[in-house]
Amino acid sequence: MSGDGHADEFEPRITAFVCNWCTYTGADLAGTSRLHMASNVRIIRVPCTGRIDPLFIVKAFERGADGVIVSGCHPADCHYTAGNYHARRRFALFRELAAFVGIDPGRMTFSWVSASEGAKWRDVVNDTVARVRALGPFDEYRRLVDLPDASGESYATIEGLLGRTAP
Amino acid sequence: MTEPHDLTTEAPEATTGAPGAAREAAPDRYPETGAPDETGDLHGVARHVLAKGEADVVIGWEEGRRGVRPAFVTTPDDVERLVFDTRCVHNLATYLNPRRRQVAALGRPAVVIKGCDAKAVAGLLREAQLSRDQVVLIGVRCGGVLEVAELDEPADLTPETVSPRCYRCDNREPHLVDYLVGDPQAEPPRPPKTVDERVAELEDAPVAERWHFWVEEFSRCVRCYACREVCPLCICERCVADKSVPQWIDAASHPRGNLSWNLTRALHLAGRCVECGECERACPSGLPLMLLNRKLAQAVRQRFDYVAGDDPEVPAPVGDYRLDDAEEFIR
Amino acid sequence: MARIGVFVCHCGENIGRTVDCAAVAETLAGHPGVAHAEDYKYMCSDPGQALIKRAIIDKRLTGVVVAACSPHMHEKTFRRAASQAGLNPFMCEMANIREHCSWIHEDRDAATAKAIDTARTIVEKVKHNEPLQTIHIPVTKRALVIGGGIAGIQAALDIADGGHEVVLVEKDPSIGGHMAQLSETFPTLDCSQCILTPRMVEAYQHPNIKLMTWSEVEAVDGYIGNFTVTVRKKARSVDADVCNGCGDCLAACPNRRTPSEFDAGLGTRSAIYVPFPQAVPNTPVIDRANCGRFKAIAKGIKKEVCGKCAEACLKGAIDFTQQDELVTEEVGAIVVATGYQLYSIGRAQPEGLTGYGEYGYGEIPDVIDGLQFERLASASGPTAGELRRPSDGKVPQTVVFVHCVGSRDPEKGMAYCSKICCMYNAKHAMLYRHKVHDGRAVLFYMDVRAAGKGYDEFTRRAVEEDGAEYLRGRVSRLYRDGDVIKVVGYDTLAHEPVEIDADMVVLATAIRPQPGIKQLAQTLSVSYDEHGFINEAHPKLRPVETNTAGVYVAGACQAPRDIPDSVAMASAAAAKVLGLFSVAELEREPAVAAVNETTCVGCLTCQRVCPYGAVEAKEIRDRDGNVVRTVASINPGVCQGCGTCQAVCMSKSIELATFTDAEMYSEIEALAFWP
Amino acid sequence: MTNQSGAMSRSDAVVRLLAETRSAAARCYQCGKCSAGCPMVSEMTLPPHDIMRLTAHGRFAEVLSADSLWLCLTCETCSERCPTGTDPAAIIDALREAAVLDGRREVPRSIAAFHRSFLDQVRLTGRLYEAGFFAEYKLRSRALLDDIGNAPGLVRRGKLHPLPHRLHGIGEVRAIFERCGVRASDLSGAGHAPAADDAGGAPGGGDPGGGAEGGHA
Amino acid sequence: MTLAYYPGCSLKGTSREFEESFLAVTRALRIEMTEIDDWSCCGASSAHPISRDLGVALPARNLALAAEQGADEVVAPCAACYNRLATAQHELGADADLAARMPGILGHSLPPALHIHNVVDLLAAYAPRIEELVAARVDPPLLAGLRVAAYYGCLLVRPNEVTGFDDAEQPATMETVISAAGASPVAWNMAVECCGGAFSISRTQSVVRLGRRIVADARAHGAQAIAVACPLCHTNLDLRQAAMTARGEEPLPALFITDLVGLAIGLSPGELGLARHFVDTEPLLASLAAEAEATATAAAAQESS
């Protein structure tokens with residue numbers, strides 16, 4: 001879908017949670033400066049990175065995202081003085097636990113993008129899309145729900161879910 | 001992901017280093033309760049507490065039909081029922097959790113607590129679920145407990161039978177106490193594979209393999225929420241897992257719902273969990289929940305220099321921050 | 001069942017060029033809950049807004065989604081239109097399909113798909129929006145102006161004339177700022193003191209202005225309309241009420257050698273001093289770092305040293321025991337007008353800047369900067385207006401003025417143009433030629449930037465009437481050779497190297513914000529650029545506001561600026577403040593958090609994370625009055641809507657209006673439709 | 001400035017070099033500071049900032065044929081003081097390289113002779129064999145009489161070794177020249193007669209009188 | 001810390017005295033170093049002006065040899081060689097494509113980053129030992145009161161982000177070495193002006209023009225000698241000074257910084273190869289010795305009275 005990818009290439013779906021005061025405005029600046037970037041990212045605005053709950057990220061993956069971006073104000077620049085400091089601690093722990101349970105950290109980008117860093121936002125978007133495209137679709141997550149298979153059998157075997165033949 | 005911090009080689013002092021060191025230096029940390037009253041054995045203290053009316057009920061352990069079980073003694077005569085031995089693995093602090101209305105109904109509690117249990121009490125104090133003057137704490141010196149309570153006779157601890165939680169315990173003589181009973185005990189034996197080693201093993205495995213391991217484990221979770229009910233620090237009236245509008249966590253027990261439930265439970269305990277191991281012990285499906293808690297405890301320790309201890313004055317890292325918190329993972 | 005209207009804007013062809021707006025409207029028309037969908041060329045135009053209003057009434061819409069530009073641009077416009085049509089404004093949201101979509105993608109299909117997803121996400125959110133009423137909060141109709149230069153004075157006067165109290169805080173002993181140091185000002189060459197002093201006195205005597213000089217802002221809490229500012233009134237060691245400014249103490253002070261900051265280090269002053277004759281207030285200050293008595297105290301010497309100023313003071317106004325005082329001021333708006341400082345070419349440089357080794361790092365005598373030249377030319381200066389060079393007092397026969405020292409020099413860390421140097425360089429050349437008729441004024445320049453009213457004519461006068469020699473080319477090196485300064489340059493118009501023996505060199509050094517501006521900006525939680533200049537809310541449309549509501553900016557602290565612009569900007573900022581104070585109560589976005597007291601267990605983690613202290617513990621009592629439970633409770637007036645409390649609340653018992661869990665969940669849920 | 005290596009043909013290398021210098025010179029805003037500080041500017045017809053101007057506007061015919069390119073001392077004063085970071089020294093280096101690759105002949109004879117002789121000696125002996133270098137320079141520059149007076153002083157002071165040093169790794173050095181695409185024939189056709197004001201050799205000043213340095217051997 | 005010594009072609013030829021002086025002083029200061037075996041020319045004044053690759057490859061070969069011979073630091077007394085070694089290392093670090101091609105060009109693997117010294121920063125590092133030796137000398141300090149102009153030239157300090165040595169406009173390291181040697185450095189204006197470098201024989205009149213300005217400025221500021229740290233500068237200010245001095249003017253001796261240190265710590269002019277200089281240093285040495293003698297006798301007389 002994005003300009004440079006050729007037709008059959010996997011186009012990752014990236015959900016971005018960005019803070020209204022810095023990164024959202026930075027993305028606006030990227031727009032006014034006509035900085036072209038990949039179109040795989042869907043932005044969800046929050047007042048502050050402090051508002052972003054790890055459940056948002058888990059739900060984004062559950063709803064089909066292949067990658068997630070979380071971005072907000074640089075430390076000391078937060079409009080609410082400390083929201084990004086709390087977010088930094090929260091995501092430090094979430095990221096380690098997610099990696100521990102097998103979610104590739106490459107699927108998550110955490111960044112500070114200020115209102116004047118339109119170019120940095122473009123780079124964050126393009127780099128994340130490229131990285132997640134390399135990782136491929138996050139199918140493992142989508143297959144966690146035991147959808148009835150062709151025969152209508154309601155409980156697929158775990159091996160089926162995990163895409164492995166039975167031992 | 002940060003490389004696994006190998007605690008196995010950690011000298012005992014180190015783990016007690018951060019919060020413990022302060023303890024030796026300042027014995028007067030507990031002015032309100034004064035020096036623990038060495039009236040000898042558990043029964044003596046229990047009888048004294050009930051007789052003096054310092055508490056309406058003494059929560060301890062007693063012989064049950066199969067092994068030991070929690071006991072609620074309300075009259076001085078019944079104190080003989082109280083026992084303490086290697087089978088007393090339960091964390092009785094869970095009965096101080098305000099959600100347990102039926103225990104609260106028994107009146108002012110006195111509770112017999114091992115070192116790990118004392119940490120849980122400190123957690124409840126930190127989050128204003130309990131005030132220090134509402135409870136009498138009878139500390140017991142502990143040399144480690146078995147992982148299984150349902151034995152007719154107390155067995156000696158062997159590397160195979162000792163509870164994994166006891167290895168390198170930094171609180172074998174609890175400090176947050178009004179009374180302290182029991183003789184000093186030797187260090188518990190080292191289990192064949194410590195929790196840290198199991199965590200390290202998993203961390204060395206490639207991402208996909210870790211994913212498969214956990215999906216397989218979580219697929220066995222039946223969402224009975226025993227882990228939540230047994231945990232002294234799961235204090236919410238209505239858990240987020242029970243919230244249906246919006247339903248952040250799928251109520252159905254398929255692997256996707258179980259993954260978000262277990263992730264959320266572990267994250268809500270990050271920096272609060274005292275690693276008493278009850279959740280893992282209570283889980284009917286045998287999920288290795290301690291690995292999740294241990295992994296987060298390591299991260300909290302490395303990143304925020306905090307180890308859950310039984311000193312309620314030391315603030316938990318949740319809801320706190322430092323200007324120089326590490327941000328190597330942020331662009 | 002929600003009845004939502006979706007309005008897709010072409011924005012001329014800004015969106016239409018890369019997004020198929022009709023397709024977006026068509027697709028959204030079929031989305032569950034959407035009762036009306038259409039696209040139009042200019043949604044924000046009057047006909048556009050009329051479309052929305054009519055649709056709301058005709059189709060009884062319960063929500064509106066305008067897929068157009070960034071909410072930062074027109075959210076207010078469309079919410080006002082919606083409320084005029086009877087719809088609660090908070091049921092109207094914008095989907096950003098311009099800055100975040102059409103402007104940054106070329107592929108039409110990809111852009112259209114993204115626009116559809118973005119619009120759908122906001123439609124799902126609006127389904128869960130709740131109608132909200134704006135919060136009315138009281139406004140403390142007092143203003144704080146930080147910085148007593150011409151910008152600060154002008155802002156304070158305008159606000160005070162508007163009938164509101166102003167607290168004017170100035171860190172130096174007197175107001176006046178750098179303008180007080182100037183001899184004459186361009187383009188009219190009228191004497192700086194003559195036009196400035198009346199304003200200073202007016203500010204001093206204005207009943208509505210509370211002047212706090214020798215003071216600095218230490219902490220700012222609260223929010224628009226309700227700031228609590230802590231100001232540190234540094235100890236003057238002189239009782240301002242008793243002192244009548246007679247100056248006997250100044251004469252009695254034995255220490256005459258302290259370099260005077262006002263004279264830019266060329267003149268000296270006593271330890272107890274008044275910066276300049278027309279200082280306002282005319283109350284001296286004891287500079288404790290250079291006063292013998294206080295130096296002794298600092299060394300721990302018990303014996304009382306000196307104290308001559310106290311002896312000389314007939315009114316007994318000197319009070320050595322005076323200590324700093326922390327004063328709290330309640331204000332509704334803040335104007336930052338802290339002004340500028342000149343870049344120094346020395347070796348020691350703040351992070352990111354480099355000194356001028358090729359110009360001698362400021363160690364060559366008689367190489368001075370613009371403010372020092374102003375002091376030499378000023379009648380109240382160290383040389384009483386006679387242009388004598390600092391080293392030996394000789395009248396320089398050849399003076400070289402060097403433009404762009406630091407400015408337009410990315411390698412030294414300042415790529416920007418400082419805007420005012422071309423003008424004051426021409427002025428300096430004229431002043432010099434007026435005072436030394438046979439003197440030679442040589443100016444090394446790259447371009448003369450004189451774009452103000454009467455400005456270019458002013459620089460031409462310097463050339464045509466006052467014989468200023470303009471040589472086009474940057475100076476490569478300055479070095480002292482015997483009694484002269486060798487200026488090594490190249491005249492790029494005459495194509496020849498040039499070497500001038502100058503008696504004195506004046507460097508037009510770059511304009512930089514005041515030291516400490518970054519800490520002040522962080523105290524006000526206002527953003528700043530890499531040099532420390534305060535960031536305006538929008539470079540074109542909101543130049544005097546900052547991204548923190550209630551905090552305005554004026555003068556050179558925002559960017560290099562001359563006096564006319566600074567005064568105009570100060571009046572603009574004052575107008576903004578007066579606009580803010582013109583309403584009885586401030587209307588505030590109802591984006592505040594509220595606690596669900598049934599599920600809250602009172603762990604009060606939310607209280608620990610709230611940066612504004614908006615959370616208190618609240619006791620739930622039964623009929624007999626004994627406490628059943630304690631829960632958290634949020635004061636809607638203080639809460640600023642950051643949402644951190646909701647994120648840390650384990651049981652999700654807190655809901656932040658406009659960003660509730662249901663709304664966030666629905667936005668994420670909407671992305672499941674992503675093909 | 002990336003540049004050619006053996007593999008790439010010379011004309012491609014020239015095109016790439018000129019393209020790179022042109023884009024690098026675009027940063028220059030003609031402030032003249034490089035020319036102001038250049039020690040050789042008084043002898044140049046095309047001072048550094050003019051070279052930057054012509055390069056930025058792609059007028060390479062004039063730039064590559066300018067003597068001034070070769071009067072540069074590579075003393076880096078211009079790049080050190082350039083406010084925009086254009087690095088004129090590196091651009092002039094690259095322009096000279098393009099001129100050599102392009103086989104340009106407008107090079108002052110003495111300077112062409114110097115570089116050619118210098119590189120020949122290094123290619124032949126691995127080090128600068130000074131005696132051989134002076135001889136070859138004299139022949140190529142036809143400035144036979146220059147410094148003749150100094151020759152005896154040099155020998156007497158033992159500063160002129162008769163024989164070159166035998167370098168073990170001479171093969172490697174020659175391979176380096178070859179792989180860098182530097183040919184012995186480079187600058188061969190170059191070298192015009194010294195311009196009128198270009199005095200060429202030393203003003204005949206020889207040793208200040210034999211007697212003065214009688215002293216120690 | 002093993003130090004490799006890269007002499008450079010001029011130190012083996014027209015500037016032999018600089019090597020003699022350098023080796024004598026380093027021996028006296030007990031600085032252990034080993035000459036790089038089979039080093040080759042760094043292409044100083046002619047390689048980089050006509051080919052960037054050659055200008056980097058020739059010095060890089062010597063860096064590779066030094067590294068292969070176990071050194072992690074290199075000293076190149078000649079400022080031109082020092083500049084070329086530093087530039088080669090800097091370019092290889094900055095330009096990935098060049099670094100990738102270099103092993104193929106050299107026939108050696110890419111040299112690791114070495115710490116490259118010039119003679120001034122090496123001596124400055126040993127200043128305390130110099131002061132020790134000067135103090136330990138029995139006879140009176142020879143250089144007391146000698147006014148010296150410290151001349152850096154261009155290649156030591158520029159381009160500064162490559163050499164990283166001292167300040168590009170107002171360096172001071174050589175002054176500290178001169179003071180350590182007991183002489184007194186003079187404040188003057190031509191410390192970093194270029195002396196004409198490689199044009200010594202190909203465009204001598206430019207060298208004479210530039211050199212005249214430098215010597216005149218040194219003399220005007222009271223210098224009795226000019227201290228240099230580069231054989232090219234020395235040739236231009238020593239051999240060419242005859243053409244620069246007007247009638248009746250006394251030429252100003254051009255001494256290597258190592259000569260000053262050598263004399264101060266008691267090495268003889270012979271060991272330092274002073275006889276090889278064109279501008280005779282004899283008169284200066286004689287007057288210094290006489291002065292030293294006078295002060296010694298005065299001090300002795302004063303002591304005995």
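Every value quoted in this text rests on a predicted model; they were computed, and no experiment measured them. All heavy atoms count here, side chains included; hydrogens, waters and symmetry mates do not. Naming convention: chains lettered A, B, ... in sequence-line order (proteins, then strands); numbering from 1 in each chain.
A/Asp127 and B/Arg331 are joined by a salt bridge, as a carboxylate oxygen and a charged side-chain nitrogen come within less than 4.0 angstrom of each other. A salt bridge links B/Arg303 and B/Glu328; the closest N-O separation between the charged side-chain nitrogens and carboxylate oxygens is under 4.0 Å. Between B/Arg198 and B/Glu201 there is no salt bridge, since none of the side-chain N atoms of the basic residue sits less than 4.0 Å from a carboxylate O of the acidic one.
Within residues 265-275 of chain B, the residues that have a heavy atom under 4.5 Å from a heavy atom of chain A are B/Ala266, B/Leu267, B/Ala270, listed by number.
With a 4.5 Å cut-off on non-hydrogen atoms, A/Thr109 touches chain B through its side chain but not through its backbone. In this structure, chain A has heavy atoms under 4.5 Å from both the backbone and the side chain of B/Leu291. In this structure, no portion of B/Pro206 lies under 4.5 Å from any heavy atom of chain A. When heavy atoms are compared at a cutoff of 4.5 Å, B/Ser260 approaches chain A by way of both its backbone and its side chain. Looking at A/Val101, the atoms closer than 4.5 Å to chain B (heavy atoms on both sides) sit in the backbone and in the side chain alike. In this structure, chain B has heavy atoms under 4.5 Å from both the backbone and the side chain of A/Val124. For chain B, the nearby parts of A/Tyr141 are the backbone and the side chain; heavy atoms of each come within less than 4.5 Å. Heavy atoms of A/Asp53 lying under 4.5 Å from chain B are absent altogether. With a 4.5 Å cut-off on non-hydrogen atoms, B/Ala208 does not touch chain A at all.
A donor and an acceptor atom, one from each side chain of B/Gln298 and B/Asp196, are located under 3.5 Å apart. Looking at B/Tyr225 and B/Trp261, their side chains never bring a donor and an acceptor atom within 3.5 Å of each other.
Across A/Ser71, A/Pro54, A/Ser111, A/Ala82, the residue that shares the most heavy-atom pairs under 4.5 angstrom with chain B is A/Ser111. Among B/Val240, B/Asn258, B/Val207, the residue making the largest number of heavy-atom pairs under 4.5 Å with chain A is B/Val207. Residue with the most contacts toward chain B among A/Pro75, A/Gly102, A/Ala76, A/Ala98: A/Gly102 (heavy-atom pairs, distance under 4.5 Å). If you tally non-hydrogen atom pairs under 4.5 Å between each of A/Lys59, A/His86, A/Met108, A/Arg88 and chain B, the highest count goes to A/Arg88.
Listed by first and then second residue, the side-chain hydrogen bond (donor to acceptor under 3.5 Å, both in side chains) pairs involving residues 316-325 of chain B are A/Arg89-B/Asp325, B/Arg322-B/Asp324 (not counting sequence neighbours).
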**Request:** Please step through disulfide bond (SG atoms under 2.5 Å apart) for the pair A/Cys22 and A/Cys73, ending with a clear verdict.
**Result:** CA-CA 5 Å; A/Cys22 285; A/Cys73 303; 2.3 Å; yes

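At distances below 3.5 Å, not a single donor-acceptor pair connects side-chain atoms of B/Arg256 with backbone N or O atoms of A/Leu144.
Between B/Cys283 and B/Cys227, the SG-SG separation does not fall below 2.5 Å.
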